[in-house]
Amino acid sequence: MAISCTPAINNLPLNRHPTPVSITVNNERYFADHPLLLQLDRCSDSTQLKQIHARMLRIGLFSDPYSASKLIQVAAYSEVSSIQYAQKVFDQIPRPNLYSWNALIRSYASSQEPVNALLIFIKMLHGSDELPNKFTFPFLIKASALLSALSVGKGLHGMVLKSEFGSDLFVLNSLIHFYGECGCFDMAYRVFMSMPKRDVVSWNSMIVGLAQGGYAEESLDLFFRMEGENVRPNDVTMIGVLSACAKNLDLELGRSMHLYIRRNGIKESLVLNNAILDMYVKCGSMEDAKRLFDKMGVKDIISWTTMLVGYTKVGDFSAARSLFDTMPCQDIAAWNALISAYEQNGNPKEALATFNELQLRKEAKPDAVTLVCVLSACAQLGAIDLGGWIHVYINKHGINLNCHLTTALIDMYSKCGDLEKALEVFHSVDNRDVFVWSAMIAGFAMHGRGREAIGLFLKMQEAKVKPNSVTFTNLLSACSHSGLVDSGRGIFNQMESVFGVVPGVQHYACLVDILGRAGNLEEALDVIDNMPISAGASVWGALLGACRLHGNIDIGERACSNLLELEPQNDGAYVLLSNIYAKSGRWDKVSELRKLMRNSGLKKEPGCSLIEVDGNVHEFLVGDNTHPLSKNIYVKLDEIATRLTSVGYVPMKSQLLQLVEEEHVQEQALYLHSEKLAMAFGLISISPSQPIRIVKNLRICGDCHAAAKLISKLYNREIVLRDCYRFHHFKGGSCSCMDYW
DNA sequence: TTAGGGTTAG
């Protein structure tokens, strides 16, 4: 390499500045300390940047590759400018050298669309004489990591090995990070071990990668090994270690790491303090978190949001909300944290109210995360109007349908009863991960379309997407809802042997459900007796449900007693057994159970039905008369009762929880069920062309199911009812569940 | 040139 120093270009109008010096490397001149370049470093707005750019063009400095590349970098990185401007600058360079190509690739690698870094690289290979150097590879590998483009990264790895940079520290560190991001920890570790020399970044890339990829133990092991090899950890190392402690919910180790940071003089930074804060929050210690938060000299919005999440995690929503209100500013992630906390903790209405507030205040713009949370809230409430509005919003604002959003949309449409729309979303996307496939399978399952669920599972295999534990829960539940006993058995048996997914309690519960519903109660009991893991409440619950369906008192009693042993507060268990007794006229046993329930301080969870009309969700409880239109609703109920009786309908009294002597009181009690109130309200307030969509918190009672079938015929209306178990589409006098529920 | 903190789905 030849380096020489020469006086700068003399004819430039630079009299007011000290004489710049150009450096020549390999016959190319660089003006590293030209005053305009120094100005470029200090440049703070786009107008200034454009002025400097213009002057560089005027005085000819732009033709210097170093100077032009510097301009590209500033254009791309400064807050006021954009990658588009950097690209324009690049396009003006007549024959860009490797330095300029690298500057542009680097800019794209850190941009919103890192794929462009790879495209520019291809352009460089085909349209110039330049070959990548040790600087090019880390940028390209970083772009591949951001894109999780495993095959691209592997290809680059191959190129690296064939090049002279096969043992370059920076290149290899990038590869460790890349493989970690793609979840290929064996490859990451292979690169790590093959390195002739490792620095703290090599260790950090492994430690952080493992912690983020869910391998907390391995990450911590590596940290202790690093210490053993006398490599001094830095703040980034500790951020990885804290994240591993948080994943393991290991408060003790987290606390000792906090102490380690103080004792070993690790550079204190805002990011590190936030990571400690996050560890305390995730491990559930708000005392530790608050102590640190109050002591922190510098806080940013991430510190505040972490505290907000902490309060929601311990269930203190009023503290969370008041913290939110006192934050110096609220960005979209802070809003999302609040909305998501409401939605995840059984308060979807508050989630929607907060979303509404966000829109009114216009301080932050909803992003994909917001919409995912709101869609989940809509799904819980069965609020299809708002859910559909969100879908339109996504399209209107050109928001990219990532897998999270696709899944949330499919789930919302499925749970709101519009399976066709869910399918439309499913087919409209190219990118389908295991979440998307599983959500669609769940959609078919809850609508009783078991064969289509299995068909989709086969297509999922063709698409080479590996099913996981949830995929199988959904598939088995599809078999259960459609009475596909042999398919269910077959799928269960293949789970581990063919797909390597070990059956968990949920899968056993589904199998017991499949067998039990089909009447094979003995076989179901046999499955439970031979389970390699202990049968959880869901397994006994499934058996008890099947006993109710088939009126089997003996097995039902056994299931109920096992269930209550595991969950003494399970009111549903009492209700199911009580239904079994009532069905066989054992009213003595019914009142005995009733007494037992009262003595243990248990109350049946009140039935509650939701119905959305014109974007507003209305809620009905049993015997509710609080609705503004209550009077009209009861008039309609009377009319329904008369019309039902006229076609020979007889109320099913076995659905009552206790023996009520007077006939008319029995009938009245059944008419007060929340789903009947919602149906009456739907009939008077929803246009006949629209289906009446209802969401019920418990399983629909047999009497309401029979009544709904008749109502759909008598009033020529489609009723779509979701209970806590599945969907019922009532039309023309019959139900889509074919009475198999 | 490489590594790092808060919010999202089945």
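Proteins come first, then strands; the chains are lettered A, B, ... in the order of their sequence lines, and each starts at number 1. Computation of the quantities below employed the complete heavy-atom set of this structure, encompassing side-chain atoms and omitting hydrogens, waters and symmetry-equivalent molecules.
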Closest to the Ala442(A) side chain, choosing from dA3(B), dT8(B), dG10(B): dG10(B)
Please confirm whether the shortest side-chain N or O distance from Lys282(A) to OP1 or OP2 of dG6(B) is below 4.0 Å. yes
Across the strands shown, which category fits Leu277(A) at heavy-atom distances under 4.0 angstrom: base, sugar-phosphate, nothing? nothing
Atom CD1 of Ile394(A) to atom P of dA9(B): distance rounded to whole Å? 15 Å
I want to verify a distance call: between dT8(B), dT2(B), dG10(B), whose nearest atom is closest to the Phe170(A) side chain? dT2(B)
Considering only side-chain heavy atoms of Val470(A), which listed nucleotide, dG10(B), dT8(B), dT2(B), is closest? dG10(B)
Do we get Lys299(A) above Phe293(A)'s six-membered ring, with its NZ or CZ under 6.0 Å from the centre and within 45° of the axis? yes
Asp300(A) (side chain) and dG6(B) (base): donor-acceptor pair under 3.5 Å: no
To the nearest Å, how far apart are Leu175(A) CG and dA3(B) P? 12 Å
Got a sec: does the OH of Tyr215(A) have more than 12 other heavy atoms crowding it under 6.0 Å? no
Among dG10(B), dA3(B), dT2(B), the nucleotide that comes nearest once only the side chain of Asp199(A) is considered: dT2(B)
Checking contacts here: which listed nucleotide (dA9(B), dA3(B), dG4(B)) is nearest the side-chain heavy atoms of Cys403(A)? dA9(B)
Run the salt-bridge test on Arg321(A) and Glu357(A) with the 4.0 Å N-O cut-off and return the result as yes or no. yes
Which nucleotide, dG4(B), dG10(B), dT8(B), lies nearest any side-chain atom of Ile239(A)? dG4(B)
Does a distance-only test, which skips hydrogens and angles, find a donor-acceptor pair under 3.5 Å between the side chain of Thr407(A) and the base of dG10(B)? no
Below 3.5 Å, does any donor atom in the side chain of Thr305(A) face an acceptor in the base of dG6(B), or the other way round? yes
Distance criterion of 3.5 Å, no angle test: do you see the side chain of Asn402(A) paired donor-to-acceptor with the base of dA9(B)? no
Charged N to carboxylate O under 4.0 angstrom, Arg449(A) versus Glu420(A)? yes
Leu358(A) atom CG is separated from dT8(B) atom P, nearest whole Å, by 16 Å
Mind checking Ile339(A) for me? I need base, sugar-phosphate or nothing, with any heavy atom below 4.0 Å counting as a touch. nothing
Return the nearest nucleotide to the side chain of His177(A); candidates are dT1(B), dA3(B), dG10(B). dA3(B)
CG of Asn173(A) versus P of dG4(B): gap in Å, rounded? 12 Å
Side chain of Asp411(A) (C-beta onward), nearest among dT7(B), dG10(B), dG4(B): dG10(B)
Using a heavy-atom cut-off of under 4.0 Å over every strand shown, decide if Gln212(A) touches base, sugar-phosphate, or nothing. sugar-phosphate
Would you mind classifying the nucleic acid contact of Val208(A) as base, sugar-phosphate or nothing, using non-hydrogen atoms under 4.0 angstrom? sugar-phosphate
Would you classify Asn133(A) as touching base, sugar-phosphate or nothing, given that sugar-phosphate means primed atoms plus P, OP1 and OP2, and contacts are heavy atoms under 4.0 Å? nothing
Sugar-phosphate only, base, or nothing, as touched by Asp331(A) at under 4.0 Å among non-hydrogen atoms: base
Taking atom types as they are modelled, would you say the side chain of Asp278(A) forms a donor-acceptor pair with the base of dG6(B) within the 3.5 Å cutoff? no
Calculate the interatomic distance between Leu172(A) atom CG and dT1(B) atom P; express it in whole Å. 18 Å
For Val434(A), answer base if it contacts any base atom (sugar-phosphate contacts may also be present), sugar-phosphate if it contacts only those atoms, and nothing otherwise; contact means non-hydrogen atoms under 4.0 Å. base
Hey, can you tell me if Phe426(A) and Trp437(A) have their rings parallel, tilted or perpendicular (30° and 60° cut-offs)? perpendicular
Ring-base stacking, Phe135(A) with dT1(B) (5.5 Å, 30° cut-offs): no
Between C1' of dG10(B) and CG of Leu401(A), the distance in whole Å: 16 Å
Give one of base, sugar-phosphate or nothing for Ala341(A), where a contact means two heavy atoms less than 4.0 Å apart. nothing
Between CG of Asp367(A) and C1' of dT8(B) the distance, given in whole Å, is 9 Å
Are OP1 or OP2 of dT2(B) and a side-chain N or O of Ser205(A) less than 4.0 angstrom apart? no
Examine the side chains of Asn468(A) and Thr471(A) and answer whether a donor and an acceptor come within less than 3.5 Å of each other. yes
Rounded to whole Å, how long is the line connecting atom NZ of Lys142(A) with atom C1' of dG4(B)? 12 Å
Ion pair present between Asp221(A) and Arg225(A), side-chain N to carboxylate O less than 4.0 angstrom? no
Side-chain-base donor-acceptor pair under 3.5 Å for Asn468(A) and dG10(B): yes
For Ser303(A) and Thr306(A), what are the C-alpha separation, side-chain angles and deciding distance, and is it a side-chain contact (heavy atoms from CB on, under 4.5 Å)? CA-CA 5 Å; Ser303(A) 334; Thr306(A) 306; 5.7 Å; no
Nearest to the side chain of Ile301(A), which nucleotide is it out of dG6(B), dT1(B), dA9(B)? dG6(B)
Please classify the nucleic acid contact of Asn234(A) as base, sugar-phosphate, or nothing, using heavy-atom distances under 4.0 Å. base
